[in-house]
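Down below is the structure, laid out as structure tokens.
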2 protein chains.
Amino acid sequence: MGRQRPGTPTLEEVAALAGVGRGTVSRVVNNAAGVRDSTRRTVQRAIAELGYVPNLAARSLAGHRADAVALVMTETDWRLFGEPFFTEIVHSVGDALTDTPVQLLLTLVRSDTERQRFVEYARGGRVDGVLLMSVHAEDPLPDMLAKAGLPTVMLGRRSGDESVTYVDADNAGGARDAVTHLLKGGRDTIGVIGGPPDMYVAQCRLRGYREALEPAGVEFRSSLVVEGDFSEESGHRAMRDLLARHPELDAVFAASDSMAAGALNALRAAGRRVPEDVAVIGFDDFQPARPTDPPLTTVRQPLEAIGRTMVRLLLEEMEESPAAWRHVILPTELVLRDTA
Amino acid sequence: MGRQRPGTPTLEEVAALAGVGRGTVSRVVNNAAGVRDSTRRTVQRAIAELGYVPNLAARSLAGHRADAVALVMTETDWRLFGEPFFTEIVHSVGDALTDTPVQLLLTLVRSDTERQRFVEYARGGRVDGVLLMSVHAEDPLPDMLAKAGLPTVMLGRRSGDESVTYVDADNAGGARDAVTHLLKGGRDTIGVIGGPPDMYVAQCRLRGYREALEPAGVEFRSSLVVEGDFSEESGHRAMRDLLARHPELDAVFAASDSMAAGALNALRAAGRRVPEDVAVIGFDDFQPARPTDPPLTTVRQPLEAIGRTMVRLLLEEMEESPAAWRHVILPTELVLRDTA
DNA sequence: GTGAAAGCGCTAACAA
DNA sequence: TTGTTAGCGCTTTCAC
């Protein structure tokens, strides 16, 4: 497991070649002020000549920082890897870090072994902060990191009273908007394809559904609620169940776009026209699975803003460890794409 | 950008509490031999009491290794993120590392800035080796890493005479098998949906197609070749072009499963029955995009073995930097799934 | 089997 | 503006 990369020049050798002290070279390398321009150039030449690259372990040890942050995906998130949701978050996090010297590290945590390994990695000082995509209520990782005093920001929350800094979308509000839109369109038998009930995000979206029904005077019926797992396949299955139970339904709100896509196909297979007979609204603003799919009305999450905000909060916590955690909830937007 | 995590206990404090020397604690922490069992237990108790976690920067600095490897995805690979291809590789790489103390770091390189940042990270000694998924011919990253003396293993190769250690599937052979199978089934007007011509993997798969035609006495016609970019959409488009040019074709070999899925839909939209009228074979053994899709005959790459082999080669190069690079080509397998 | 001591290469504080 | 110096916390000889 050992490795050597001998022959790597050190600060000291650069200093010797440039005929200056170690401190000066360090200042040049770190772009610090207080170095005469001519000196700086001399040093830069020496750096180039030797092909000097700073030893990051030494820098970390002396400087008490790693200049790196981790974006952790748990087993659960991993399934979302393919979703534009995930892609966009990673992209926006990456974008938010481009102007900093911070390296972004994606890590996959699938088992307790890996969880343990990662915690040791993080506590060992290899990263200055952690972004978590995990949202499952029972995941101990957020608390392990928080207990270790590591700046941590979560995407979404595990429950209503989350004790770790997080950024979330207004899930209940988005769902409310979607269902209200359907009601205004004259639909009143609206099925719901919900997410896993143990995920807070799913609870919120279901709550939004109920909150929209009330002011419209439409009674909530639990037989109109079917449970999915955010996957397209589960949406398909759920839609078939719903149709069997309520052939008369005229609209469906799905808690994710993947499930909405599955529902769409199930409806078509059953001979229903979408959206004429049954309107479908999804959540997340993923692109349709196939280019041949019709555009779907959906609740858009501001993914770019979510990623950017997560980074902002993390960097802030890294600067000055704040006394308390903070929460940011970002608004969603109903994107109408149906022709009917 | 600064950060502190004060109050973290050090080796020295553990040694003091346990009433032993620093060296002994180090041996215990690293599970090294040569410590009396009773001493070991005393030390472990002290470690637990203090909640000691090794400072990885110090360990790296003194031990000349990082106990971490990076799996780099370039912009190009990023699009594959969603594909089971990618997922499986990452999983098998992760699996291959579970029994080692090596942390796997996924990193995304989208721009020259990020490329530069990563190279500094790697050359700075934060990782002991690098796994590359990039396969584009013009990517300078492999050479940058090789020049820096970093153990590097690529998935796929950039050209026929690759100068960096790599693991690849037998792409030409797999394509040959697929097309031979079609020919044996009595199909002789076989369209090809190829990948980007600047990618070696695409060249190999196209070559395999030609190699299969020859012994069968079927003439190669360039009008039967259409270029895609591995995406489902490009497969759809390509299939329409092919149909327009050769309405009489009775089979299609697509250089990726995504393109095969796109082709499948285009064929259906054109009223062709699959596989009765037109047989389709893909490559990669991705799952069909939708649960409602019929199973597709495909050329399976041994993804698990590829990931495992990459890790094995990398660990070997990390142990003893070898004099020369090595190549491993793994066989593919034709998986028949069509009913016809 | 164990302790002491010499670095690893850098940052940052302090002198000059 | 620049050089000097004291660590950062660990691994690894080398004595004992």
Side-chain angles (χ1 to χ4, degrees), chain A residues 1-43 46-47 50-67 101 120 123-126 128, chain B residues 1-43 46-47 50-67 101 120 123-126 128:
Chain A
M1 213 58 41
R3 183 199 45 112
Q4 320 275 352
R5 254 173 342 102
T8 311
T10 69
L11 245 203
E12 181 119 31
E13 301 178 52
V14 175
L17 178 59
V20 300
R22 250 162 46 204
T24 304
V25 179
S26 179
R27 280 170 210 125
V28 172
V29 170
N30 294 290
N31 269 316
V35 180
R36 198 186 301 145
D37 253 24
S38 61
T39 311
R40 188 179 295 272
R41 268 191 293 276
T42 311
V43 172
I47 288 176
L50 261 39
Y52 168 75
V53 177
N55 179 317
L56 264 23
R59 175 178 285 175
S60 269
L61 185 56
H64 305 283
R65 68 222 167 71
D67 280 336
E120 270 164 30
R123 292 194 61 185
R126 299 301 277 256
D128 299 323
Chain B
M1 211 59 43
R3 183 199 47 112
Q4 319 275 353
R5 255 175 339 105
T8 311
T10 70
L11 245 202
E12 181 118 33
E13 299 177 54
V14 175
L17 178 60
V20 300
R22 247 155 56 198
T24 304
V25 179
S26 179
R27 282 171 209 126
V28 172
V29 169
N30 295 291
N31 270 315
V35 180
R36 197 187 302 145
D37 252 25
S38 61
T39 313
R40 189 181 292 275
R41 268 193 292 278
T42 312
V43 172
I47 288 175
L50 260 40
Y52 169 75
V53 177
N55 178 317
L56 264 23
R59 173 177 289 177
S60 271
L61 185 56
H64 305 284
R65 68 221 167 72
D67 280 334
E120 270 163 29
R123 294 194 58 186
R126 298 302 277 255
D128 299 322

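Labels below follow one simple rule: chain letters A, B, ... track the order of the sequence lines, proteins then strands, and each chain is numbered from 1.
- Using a 4.5 Å heavy-atom cutoff, the side chains of B/N31 and B/R40 are in contact.
- At a threshold of 4.5 Å between non-hydrogen side-chain atoms, the residues A/Y52 and A/L11 count as touching.
- As rounded to whole Å, 7 Å separates atom P of D/dC8 from atom NE2 of A/H64.
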>> For B/V35 and B/T24: C-alpha separation, side-chain torsions, deciding distance, then whether side-chain contact (heavy atoms from CB on, under 4.5 Å) applies.
In response: CA-CA 7 Å; B/V35 180; B/T24 304; 4.3 Å; yes
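- The two residues B/G125 and B/A66 come nearest to each other via the heavy atoms O-CB, 3.3 Å.
- Between the P atom of D/dC10 and the CG atom of A/N55 lies a distance of 16 Å, rounded to the nearest Å.
- Remark on the helix from C/dG1-D/dC16 to C/dA16-D/dT1: inter-end axis angle 30°, axes from five-pair C1' superpositions, rounded to 10°.
- Here B/E12 pairs with B/R22 under the side chain to side chain donor-acceptor pair (under 3.5 Å) rule; sequence neighbours left out.
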Using nucleotides 14-16 of chain D, report all nitrogen or oxygen pairs with the protein that are shorter than 3.5 Å.
none

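- Going from atom NE2 of A/H64 over to atom OG1 of B/T8 covers 10.5 Å, rounded to the nearest 0.5 Å.
- Protein atom CG of B/D67 is 14 Å distant from nucleotide atom P of D/dC10, rounded to whole Å.
- Two residues are said to be in side-chain contact when any heavy atoms from C-beta on lie closer than 4.5 Å; A/N55 and B/L61 meet this criterion.
- Between the side chain of A/D128 and the backbone N or O of A/D67 there is at least one donor-acceptor pair closer than 3.5 Å.
- When all heavy atoms of B/V53 and A/G124 are compared, the closest pair comes out as CG1-N, 4.1 Å.
- Here CD1 of B/I47 is found 12.5 Å from CD of B/E13. Values are rounded to the nearest 0.5 Å.
- Within residues 15-25 of chain B, the residues that have a heavy atom under 4.0 Å from DNA chain C are, in order of number, B/G19, B/V20, B/G21, B/R22, B/T24.
- A/T10 comes within contact range of the sugar-phosphate backbone alone, with a heavy-atom separation under 4.0 Å but no base atom that close.
- Of all nucleotides in DNA chain C having an atom under 4.0 Å from a heavy atom of chain B, the first and last in 5' to 3' order are C/dG1 to C/dG9.
- Whole-Å rounding puts the A/L61 CG to D/dT11 P distance at 12 Å.
- With contacts defined as side-chain heavy-atom distances shorter than 4.5 Å, the pair A/R126/A/S60 does not qualify.
- By the 4.5 Å heavy-atom criterion applied to side chains, A/R59 and A/N30 are counted as neighbours.
- Under the 4.5 Å side-chain criterion, counting only non-hydrogen atoms from C-beta, B/V20 is not in contact with B/T42.
- Inter-residue side-chain proximity for B/V29 and B/V25 is flagged as met; some heavy-atom pair is nearer than 4.5 Å.
- Contacts between residues 30-41 of chain B and DNA chain D, defined by a heavy-atom separation under 4.0 Å, are made by B/N30.
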